[in-house]
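Worksheet for the structure shown next.
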Amino acid sequence: TDSDTADEAVRTTCDDASVCKRFATSKGYWKDPYIQYFVRQTSERKAPEINRGYYARVHGVNFLLDAFIRKTACKCQVINLGAGLDTTFWRLKDENLLPKKYFEVDFPMIVARKIHNIKTKPPLSKPIVETHSTDSLLIDGHSLDSDRYTIIGADLRDLPGLEEKLKRFQMSPELPTLFLSECVLVYLTPQQSSSLVRWAAETFHTAMFVNYEQVHMADRFGQVMIENLQRRQCNLAGVEVCRSLEAQKERFLSTGWETADALDMMTVYSLLPQADVGRIERLEFLDEKELLQQLLQHYSICWATKDKLKLGLSEVAF
Ligand code: SAM
């Protein structure tokens with residue numbers, strides 16, 4: 001059916017993200033020793049502005065994630081929604097920043113692939129075994145459960161199913177919880193993403209939600225970005241929420257979150273540690289500064305908090 005085709009197209013987007021991340025790391029933009037086990041090295045070159053865009057995306061999201069984990073002194077959970085082939089679990093382990101439990105959710109088909117890679121590649125499986133206390137690690141075709149890392153196959157549009165699976169794997173509503181969605185909500189309708197973020201706000205008393213996705217999609221450049229994705233049959237059901245930073249914040253403020261902030265990625269890029277930005281800007285010559293600006297102005301990070309435990313989550317900012 002058409003909707004199966006659209007879901008399939010959405011699933012292949014996780015390869016695109018990881019292929020671009022692998023390419024940028026091979027050029028030295030940042031280090032990720034694990035991504036090589038999930039995607040092949042691409043023969044196709046990525047333009048310097050794409051690599052800088054991924055640099056801003058990865059560092060922007062990591063900055064907020066690490067700030068949350070530090071505020072909670074690691075006594076927290078992270079739930080990565082539509083995680084794809086993301087390697088954050090391994091980075092956090094290497095940096096001694098592992099939360100009590102790190103959850104990932106994606107379509108069962110993506111999860112099966114990820115678990116297959118983990119099972120067959122010791123550099124991926126060793127850190128999971130090391131952080132697990134017993135011999136009884138659960139790994140089957142569509143879920144992995146260990147003491148610190150759980151991967152669940154679920155559809156983000158089915159909230160009762162999602163909640164049931166998270167609870168089955170010891171998700172605790174009492175722990176401060178960080179939700180992460182990176183280029184995911186745009187594939188849900190505005191109603192579906194609102195229900196998801198409302199569910200998160202209603203289920204957890206102390207939480208932060210970090211959402212990375214497109215913004216300013218109503219202008220000329222934005223329209224071209226949409227056409228490019230649509231040409232690949234991707235159904236951008238949620239694109240209307242990507243019209244402005246205000247609309248991004250409103251999605252959270254209207255569903256039970258106490259605070260919400262949003263910045264476009266050009267602003268985030270200018271707020272990242274400039275010594276490292278200087279280093280990456282010397283990696284590849286970039287002719288078209290304006291293209292970089294336009295590209296970064298069309299992505300955003302929005303973060304929302306609620307803070308019953310008064311951990312100071314509303315202070316987290318760039
Ligand atoms: N967050 C990862 C990253 O940034 O590297 C992957 C991003 S990829 C563009 C979008 C991911 O969202 C895909 O892995 C896709 O399978 C997942 N996704 C989209 N809609 C979903 C849904 N309804 N339920 C579960 N996963 C979904």
Are any side-chain N or O atoms of Ser270 and backbone N or O atoms of Thr267, one a donor and one an acceptor, separated by less than 3.5 Å?
yes

Identify whether the distance between the nearest side-chain nitrogen and carboxylate oxygen of Glu164 and Lys167 falls below 4.0 Å.
no

Of Leu81, Val61, Ile79, the residue whose pairing with Leu180 passes side-chain contact (heavy atoms from CB on, under 4.5 Å):
Val61

Approximate separation, where rounding is to 0.5 Å, of Tyr54 OH and Thr25 OG1:
12.0 Å

Tyr187 side chain to Gln192 side chain, donor-acceptor N/O pair below 3.5 angstrom
no

Side chain to side chain contact (heavy atoms under 4.5 Å, CB included) for Lys101 and Met171? Distances and angles first, verdict last.
CA-CA 8 Å; Lys101 202 153 184 180; Met171 177 267 294; over 6 Å; no

So if I apply the salt bridge (charged side-chain N to carboxylate O under 4.0 Å, His left out) rule between Glu213 and each of Arg251, Arg57, Arg243, which one comes out positive?
Arg251

Could you tell me whether a side-chain N or O of Gln36 sits under 3.5 Å from a main-chain N or O of Pro33, the two making a donor and an acceptor?
yes

Inter-residue atom distance Phe23.CZ - Ile50.CD1, 0.5 Å rounding
10.5 Å

Trp30 with Met265, same ILVMFWY side-chain cluster at under 4.5 Å:
yes

Tell me whether Leu292 shares a hydrophobic cluster with Leu263, the cluster being built from Ile, Leu, Val, Met, Phe, Trp, Tyr side chains joined at under 4.5 Å.
yes

Please check: side-chain N/O of Lys306 versus main-chain N/O of Met208, any donor-acceptor pairing under 3.5 Å?
no

Please list all pairs passing the side chain to side chain donor-acceptor pair (under 3.5 Å) test where one or both residues lie in residues 287-300, with sequence neighbours left out.
Asp219-His298

Could you state whether Val58 and Val210 fall into the same hydrophobic cluster, counting links through intermediate Ile, Leu, Val, Met, Phe, Trp or Tyr residues with side-chain heavy atoms under 4.5 angstrom apart?
yes

Please tell me whether Asp32 and Thr87 have a donor and an acceptor in their side chains that are separated by less than 3.5 angstrom.
yes

Measuring only between side-chain heavy atoms, which start at C-beta, is Pro99 closer than 4.5 Å to Cys76?
yes

Side-chain heavy atoms of Phe63 within contact of Leu65, under 4.5 Å
no

Using a 4.5 Å cut-off on heavy atoms from C-beta on, say whether the side chain of Glu258 contacts that of Ser314.
no

Do the side chains of Lys93 and Ile128 get nearer than 4.5 Å, heavy atoms only?
no

All side chain to side chain contact (heavy atoms under 4.5 Å, CB included) counterparts of Ala317, not counting sequence neighbours:
Trp303

Which one of Val316, Thr305, Thr206 satisfies the side-chain contact (heavy atoms from CB on, under 4.5 Å) criterion with Leu311?
Thr206

Would you compute the distance between atom OH of Tyr34 and atom CG of Asn117 and round it to the nearest 0.5 angstrom?
15.0 Å

Using ring centroids (six-membered ring only for Trp), state whether Phe252 and Phe209 fall under 6.0 Å.
yes

Which value, rounded to the nearest 0.5 Å, describes the distance between Asp7 atom CG and Asp155 atom CG?
7.0 Å

With rounding to the nearest 0.5 angstrom, report the NZ to OG1 distance, Lys100 to Thr177.
11.5 Å

Side chain to side chain contact (heavy atoms under 4.5 Å, CB included) between Gln214 and Leu229, worked out
CA-CA 12 Å; Gln214 291 89 342; Leu229 275 157; 3.8 Å; yes

Beyond-backbone contact of Asp86 with Lys21, side-chain heavy atoms, under 4.5 angstrom:
yes

Residues forming a salt bridge (Lys or Arg N to Asp or Glu O under 4.0 Å) with Glu95, sequence neighbours excluded
Arg91

Verify the cluster assignment for Phe89 and Leu178: are they in a single hydrophobic cluster under the rule of side-chain heavy atoms below 4.5 Å apart?
yes

So that I know where these two stand, are Phe103 and Phe169 an aromatic pair - ring centroids less than 6.0 Å apart?
no

Is there a donor-acceptor pair under 3.5 Å between the side chain of Lys165 and the backbone N or O of Gly153?
yes

Can you list the steps and then say if Trp90 with Phe38 is a ring pair (Phe, Tyr, Trp, His ring centres under 6.0 Å)?
CA-CA 13 Å; Trp90 290 273; Phe38 287 112; 5.8 Å; yes

Qualifying residue for side-chain contact (heavy atoms from CB on, under 4.5 Å) with Val239, from Asn235, Val241, Leu236:
Leu236

Between Glu44 and Lys46, does any NZ, NE, NH1 or NH2 come within less than 4.0 Å of an OD or OE carboxylate oxygen?
yes

Short side-chain to backbone donor-acceptor contact, Ser181 and Val184, under 3.5 Å
no

How would you list, by chain and number, every residue that makes a salt bridge (Lys or Arg N to Asp or Glu O under 4.0 Å) with Arg70, sequence neighbours excluded?
none

Please enumerate all residues that pass side-chain hydrogen bond (donor to acceptor under 3.5 Å, both in side chains) together with Arg113, with sequence neighbours excluded.
Asp15

Flag yes if Ile35 and Ile280 sit in one hydrophobic cluster, no otherwise; membership is Ile, Leu, Val, Met, Phe, Trp, Tyr, and two members link when side-chain heavy atoms are under 4.5 Å apart.
yes

Assess whether a salt bridge exists between Asp307 and Lys310, defined as any Lys/Arg side-chain N lying under 4.0 Å from an Asp/Glu carboxylate O.
no

Side chains of Lys71 and Glu315, heavy atoms from C-beta outward: is any pair under 4.5 Å?
yes

Considering only heavy atoms from C-beta outward, does the side chain of Val19 approach that of Arg40 to under 4.5 Å?
yes

Looking only at atom types and distance, does a side-chain atom of Arg157 sit under 3.5 Å from a main-chain N or O of Leu188, one as donor and one as acceptor?
no

Any side-chain heavy atom of Val215 sitting closer than 4.5 Å to one from Leu245?
yes

Among Asn80, Ile118, Ile139, Asp106, find the residue that satisfies the side-chain contact (heavy atoms from CB on, under 4.5 Å) test when tested with Ile151.
Ile118

What residues form a side-chain hydrogen bond (donor to acceptor under 3.5 Å, both in side chains) with Asn228, not counting sequence neighbours?
Arg231

Counting only N and O atoms by type, is there a donor-acceptor contact under 3.5 Å from the side chain of Arg22 to the main-chain atoms of Ala17?
no

Tell me if the centroids of the rings in Tyr55 and His59 come within less than 6.0 Å of each other.
yes

If you round to the nearest 0.5 Å, how far is OG of Ser195 from CG of Asp158?
11.5 Å

Please report the C-alpha distance between Glu284 and Arg52 in whole Å, then the side-chain angles of each, then the deciding distance to 0.1 Å, and finally whether the salt bridge (Lys or Arg N to Asp or Glu O under 4.0 Å) criterion is met.
CA-CA 10 Å; Glu284 292 182 286; Arg52 289 191 194 181; over 6 Å; no

So Arg232 and Glu227, salt bridge (Lys or Arg N to Asp or Glu O under 4.0 Å) or not? Walk me through it.
CA-CA 9 Å; Arg232 299 167 45 210; Glu227 281 159 25; over 6 Å; no

Is it true that atom NZ of Lys308 has more than 12 heavy atoms of other residues, nucleotides or ligands lying nearer than 6.0 Å?
no

Under-4.0 Å salt bridge between Lys114 and Glu104:
yes

